[in-house]
There are 2 protein chains.
Amino acid sequence: MRTITLKMLAAELRLSPGTVSKALKGSHEISEATREKVMDMARRLDYVPNPYASSLRRRTSKTIGVVLPAMADSFFSMTIEGIEAVAGDKGYHVLIYLSHESYYKEAAIVKDFQSGRVDGVLISLSGETWNTDHLHTLTDKNIPVVYFDRVCEENDVARIATDDMEAGFAAASHLLEAGCKRLLFLSPSDNLAIIKRRLAGCRKAAPGIASLLCIGDLHQQHLRIREALAMPDRPDGIIASVESLGYATYQACTSLGLEIPSDVKVVAFSNMPTASLLHPSLTTVEQPAFEIGKTAATVLFKGIEKGYNHLSEESRMIPSVLVPRGSTAKA
Amino acid sequence: MRTITLKMLAAELRLSPGTVSKALKGSHEISEATREKVMDMARRLDYVPNPYASSLRRRTSKTIGVVLPAMADSFFSMTIEGIEAVAGDKGYHVLIYLSHESYYKEAAIVKDFQSGRVDGVLISLSGETWNTDHLHTLTDKNIPVVYFDRVCEENDVARIATDDMEAGFAAASHLLEAGCKRLLFLSPSDNLAIIKRRLAGCRKAAPGIASLLCIGDLHQQHLRIREALAMPDRPDGIIASVESLGYATYQACTSLGLEIPSDVKVVAFSNMPTASLLHPSLTTVEQPAFEIGKTAATVLFKGIEKGYNHLSEESRMIPSVLVPRGSTAKA
DNA sequence: CTGAAAGCGCTTACAG
DNA sequence: CTGAAAGCGCTTACAG
C-alpha cells in the first residue's frame with residue numbers, strides 16, 4: 001500500500017501543501033469550507049502525517065524518554081502507568097530505557113538524548129550513579145529533566161519523591177515499638193541519595209542501627225542477608241530499603257528456619273500487591289507509585305511547554321505510608 | 001548550547017557534508033585518513049546526529065512499538081525486560097503504549113503506527129479485542145507485527161506464546177489429582193484466544209469445569225469470585241487464568257473464611273515473584289516471560305531486517321511450567 | 001576518494 | 001484566505 005503524503009493529499013484537492021497543512025492543524029487563517037474539504041479528503045485517503053518530517057521541521061519530537069533501573073519491579077511498573085497516562089493525554093509518546101543499575105549504560109542512554117530524540121526526560125537513577133554530569137548536558141541543551149524516586153542530591157533540579165527521611169524514621173520507630181533491639185538496614189547501593197536518606201531517617205529513631213550493603217541479584221542478596229542472620233548477635237529487626245531485599249529477607253529467614261515475626265521482624269519499602277497475602281503478611285512502606293509517575297510527568301510537561309525555567313520549584317515530596325502487618329507483630 | 005549539525009562539522013573540517021556523512025557511517029569509499037579526521041572532530045565537537053533527519057531520509061526509524069494491556073503485571077513487565085534487552089543490542093528504541101484492555105485505545109495506538117513512527121510492532125492484545133483488522137493495515141504497509149502471549153487466532157501471523165491448551169490441561173489435571181470435584185475456571189475476557197485455549201485445555205481434563213467471567217479491577221474481580229464461593233455447591237478447585245485473578249481469589253477466600261487448600265485449592269497462571277512466600281504458597285503455571293519477550297523481539301527484528309516475509313513461520317510455542325505448591329496440597 | 005545536488009515530508013515566514 | 005519558496009538535518013545516487 002502506497003503511503004499517502006501531504007503533497008499527494010494537496011494534489012488531490014488542488015490546493016497547495018501549505019494550505020492543507022494549515023487546514024489540518026485547524027489554523028484560523030483557513031476558511032471553514034476549505035478546512036472541511038481537507039479533513040474529508042484526509043479521512044477518505046486515510047492520511048497519516050509523517051511524525052519525523054514534522055519533528056525535523058518543528059524541532060520538537062512529541063516524545064519523552066524514561067530511564068529506569070529496572071522494569072520488573074512493582075514500584076517502577078506502576079510508575080510507568082502514571083507516566084503513560086499523562087503522556088497519552090498530552091499526545092506524547094514514551095520511549096523506555098533500562099539502565100540495569102549501570103552508570104555506564106545510563107550515561108550512554110542519556111547521551112543519545114542530546115540528539116533531540118526526546119523533548120524531555122524522566123529518570124530514576126541507577127544504583128551505581130555517583131554523579132549527574134551526564135544529565136547536566138541535557139539541561140545545557142534545554143531539554144528538561146525531572147528526577148523521580150531515585151533522585152539526585154542537587155537542589156536546583158526538579159525532584160519528585162517521597163519523604164524518605166521521614167519514612168525511614170517511621171520504619172525504624174515502628175520496629176523499636178514492636179520491641180526490636182538490634183536493627184539492621186539493608187541497602188542496595190552506596191550511591192543513591194534516597195537510600196542514604198532512608199538510613200538517616202532510621203538513625204534518627206535508632207542511632208545504633210547497622211547497615212548492610214546487598215548488591216547483585218536476588219540470590220546474592222539472599223546469601224548476604226543469610227550471613228548476617230546467622231551471626232551470633234543477629235539482628236531482630238530488619239528494614240529492607242527496596243522491594244527485592246524484602247523478598248530476599250523472607251527467603252533467608254525460611255532457609256535458616258527463623259520465624260517472622262517472633263525471631264526477626266521485617267519492614268520493607270515495597271509496593272508489591274501481595275504484601276498482605278504473604279506468610280506472614282509483610283509490613284510495608286508504600287509509595288504512591290502511580291501518583292509519583294503522574295506528578296513527574298506533569299511537571300515535565302510544564303517544563304516542556306513553558307520552556308524549562310525554574311523547574312526545581314516544581315519539586316514535590318509525596319507522602320508514603322507505613323502499613324503495619326504481621327511481619328512486625330509484637331510477641 | 002548550540003546544537004552542532006553535520007553541516008557545521010563538515011565546515012569545520014573543510015569537507016562536504018556528504019563525505020562527512022559517509023565517513024561517520026564507516027563507508028569504505030572514504031580514505032582511512034579522512035575517516036579518522038572526521039571521527040576525531042565529531043568527538044571533539046560532541047556531534048550527535050539528529051535521528052529524525054536520518055529517519056526521514058532513510059525511511060526507517062530504528063524504533064519499535066510495544067502495545068500492552070497493562071504494565072503493572074509481573075508477566076508483562078518481565079516481558080518488556082526481554083524486549084528491551086534485544087532492542088538495545090540492535091540499537092533500536094522502544095516506544096511503549098498501554099491499551100488498558102480497551103479495543104478502542106488499542107486501535108488508536110495501532111493507527112498511529114501507520115505514520116511510519118515505528119519499524120515494527122510487538123503486541124499483546126487487549127481483553128476487549130475481538131478482531132485484528134487494525135493490525136492488518138500495518139501488514140499492508142509492510143510494517144511487521146509479532147503477537148506475543150495474548151495472540152490472535154490467525155495462522156498466517158507471527159505468534160510467540162506458551163502452549164496454553166497444554167497448560168490448561170496440566171492445571172486442571174493437577175487439581176483433579178489433588179482431589180477436587182468441582183472446578184471453576186476464572187476468565188478475564190470473553191475474547192482472548194489464549195484464555196479460550198486455556199479453558200479448552202482444562203475441559204480436556206475436566207469436561208464438567210465451570211467458567212466465570214470476571215472483568216473490572218481487582219476489587220470487582222474479588223466480589224465476583226466471592227459470590228461464586230458463597231454458593232451452596234461452591235467449587236473446591238479454582239483455576240485463575242491470569243495473575244490478578246489469583247490475588248482476587250486469595251482475597252475472596254480470606255473474606256469468606258475459607259481455608260486454602262483444605263476448603264478450596266487454587267492454581268494461578270502467574271509470574272509473581274512472591275508465589276512461594278504467600279500464605280499458603282501458591283501453585284502457579286509460570287510462563288517464561290523474559291524469554292517470550294526476547295523471542296518476540298528477535299523474530300520481529302528478523303522481519304524488519306529481511307523485509308517481512310513468512311514471519312508466521314517464525315511462530316514459537318514456548319513451554320510453561322506448573323509449579324505445585326501449598327495451595328493445591330492434598331488433604 | 002570527494003563533492004554537488006536532490007530530496008525525504010513536513011511547516012512557516014512572507015507575499016499577494 | 002491561499003500559495004510559492006525556503007529549509008529542518010540528514011543520505012545517496014551520480015559525476016568527476
Side-chain angles (χ1 to χ4, degrees), chain A residues 2-39 41-42 45-63 91 112-119 141-142, chain B residues 2-39 41-42 45-63 91 112-119 141-142:
Chain A
R2 187 120 156 284
T3 297
I4 131 114
T5 68
L6 186 71
K7 219 164 109 187
M8 289 159 66
L9 182 56
E12 200 69 34
L13 285 158
R14 286 163 217 299
L15 285 169
S16 77
T19 302
V20 175
S21 172
K22 286 174 207 154
L24 288 170
K25 297 261 146 343
S27 159
H28 41 237
E29 338 176 0
I30 301 297
S31 73
E32 185 58 18
T34 305
R35 206 184 63 77
E36 275 176 18
K37 244 184 297 181
V38 170
M39 289 309 213
M41 185 61 82
L45 299 188
D46 200 23
Y47 169 68
V48 186
N50 181 315
Y52 298 133
S54 146
S55 287
L56 178 58
R57 182 58 232 250
R58 310 191 51 215
R59 331 182 107 276
T60 128
S61 62
K62 284 277 181 188
T63 301
D112 173 74
F113 291 159
Q114 289 181 36
S115 67
R117 190 184 298 281
V118 298
D119 294 342
K141 294 217 168 193
N142 264 302
Chain B
R2 188 123 156 281
T3 296
I4 131 115
T5 68
L6 186 71
K7 217 163 111 188
M8 291 159 64
L9 181 56
E12 200 68 35
L13 286 157
R14 287 164 218 298
L15 284 169
S16 77
T19 301
V20 174
S21 172
K22 284 174 207 154
L24 288 170
K25 298 260 145 342
S27 158
H28 41 237
E29 342 175 356
I30 301 296
S31 73
E32 185 57 19
T34 305
R35 206 184 62 77
E36 274 175 17
K37 245 185 298 182
V38 170
M39 289 308 213
M41 185 62 81
L45 299 187
D46 201 24
Y47 169 67
V48 186
N50 181 313
Y52 298 132
S54 146
S55 286
L56 178 57
R57 183 57 233 248
R58 309 190 53 216
R59 331 182 110 277
T60 127
S61 62
K62 283 276 181 189
T63 301
D112 173 76
F113 291 159
Q114 290 181 36
S115 65
R117 189 183 298 279
V118 298
D119 295 342
K141 294 218 170 192
N142 263 301

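Chain A is the first sequence line, chain B the second, and so forth, proteins listed ahead of strands; every chain is numbered from 1. Every heavy atom of this structure was used, including side-chain atoms; hydrogens, water molecules and symmetry mates were not.
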**Request:** Evaluate the side-chain proximity of A:Val38 to A:Ile30: yes if any heavy-atom separation is below 4.5 Å, no if none is.
**Result:** no
**Message:** Quick check for you: to the nearest 0.5 Å, what is the distance between A:Glu12 atom CD and A:Ile4 atom CD1?
**Reply:** 7.5 Å
**Prompt:** Taking the side chain as C-beta and beyond, is there a heavy-atom pair between A:Thr3 and B:Lys141 under 4.5 Å?
**Reply:** yes
**Nearest heavy atoms of B:Arg117 and B:Thr63, plus distance in Å** = O-CB, 3.9 Å
**Asked** Measuring from B:Leu13:CG to B:Leu45:CG, what's the distance to the nearest 0.5 Å?
**Response** 7.5 Å
**Request:** Report the stems of DNA chain C as range-with-range entries sorted by first number; a stem here is at least three consecutive pairs, Watson-Crick or G-U wobble, both distances under 3.5 Å, and write none if there are none.
**Result:** C:1-3 with D:14-16, C:5-12 with D:5-12, C:14-16 with D:1-3
**Asked** Which atom pair, heavy atoms only, marks the closest approach of A:Arg35 to A:Ala23?
**Response** CG-O, 3.5 Å
**Item:** Rounded distance (Å) that lies between atom C1' of C:dC8 and atom CG of B:Leu56
**Value:** 4 Å
**Asked** A:Ser61 side chain to A:Ser55 main-chain N or O, any donor-acceptor pair under 3.5 Å?
**Response** no
**Request:** Could you tell me the separation between the CZ atom of A:Arg57 and the P atom of D:dC8, rounded to a whole number of Å?
**Result:** 8 Å
**Item:** Members of residues 6-25 of chain B that approach DNA chain D, where some heavy atom sits under 4.0 Å away
**Value:** B:Leu6, B:Gly18, B:Ser21, B:Lys22, B:Lys25
**Asked** What nucleic acid atoms does A:Pro51 come within less than 4.0 Å of, heavy atoms only: base, sugar-phosphate, or nothing?
**Response** nothing
**Message:** Would you compute the distance between atom OH of B:Tyr52 and atom CG of A:Asn50 and round it to the nearest 0.5 angstrom?
**Reply:** 11.5 Å
**Prompt:** Between D:dT11, D:dC10, C:dC10, which nucleotide has the shortest distance from any of its atoms to the side chain of A:Ala53?
**Reply:** C:dC10
**Request:** Round to a whole Å and report the spacing from CG of B:Asn50 to C1' of D:dT11.
**Result:** 13 Å
**Complete:** Between A:Tyr47 and A:Leu6, the two heavy atoms sitting closest are CE1-N, 3.5 Å
**Which residue lies more 5' along DNA chain C, comparing A:Arg58 with A:Tyr52 via nearest heavy atoms** = A:Tyr52
**Request:** State the NZ-CE distance between A:Lys37 and A:Met41, to the nearest 0.5 angstrom.
**Result:** 9.5 Å
**Asked** Which parts of residues 26-38 of chain A get close to DNA chain C, meaning a heavy atom less than 4.0 angstrom away?
**Response** none
**Request:** State, with a plain yes or no, whether a side-chain heavy atom of A:Asp112 is found less than 4.5 Å away from one of A:Ser115.
**Result:** yes
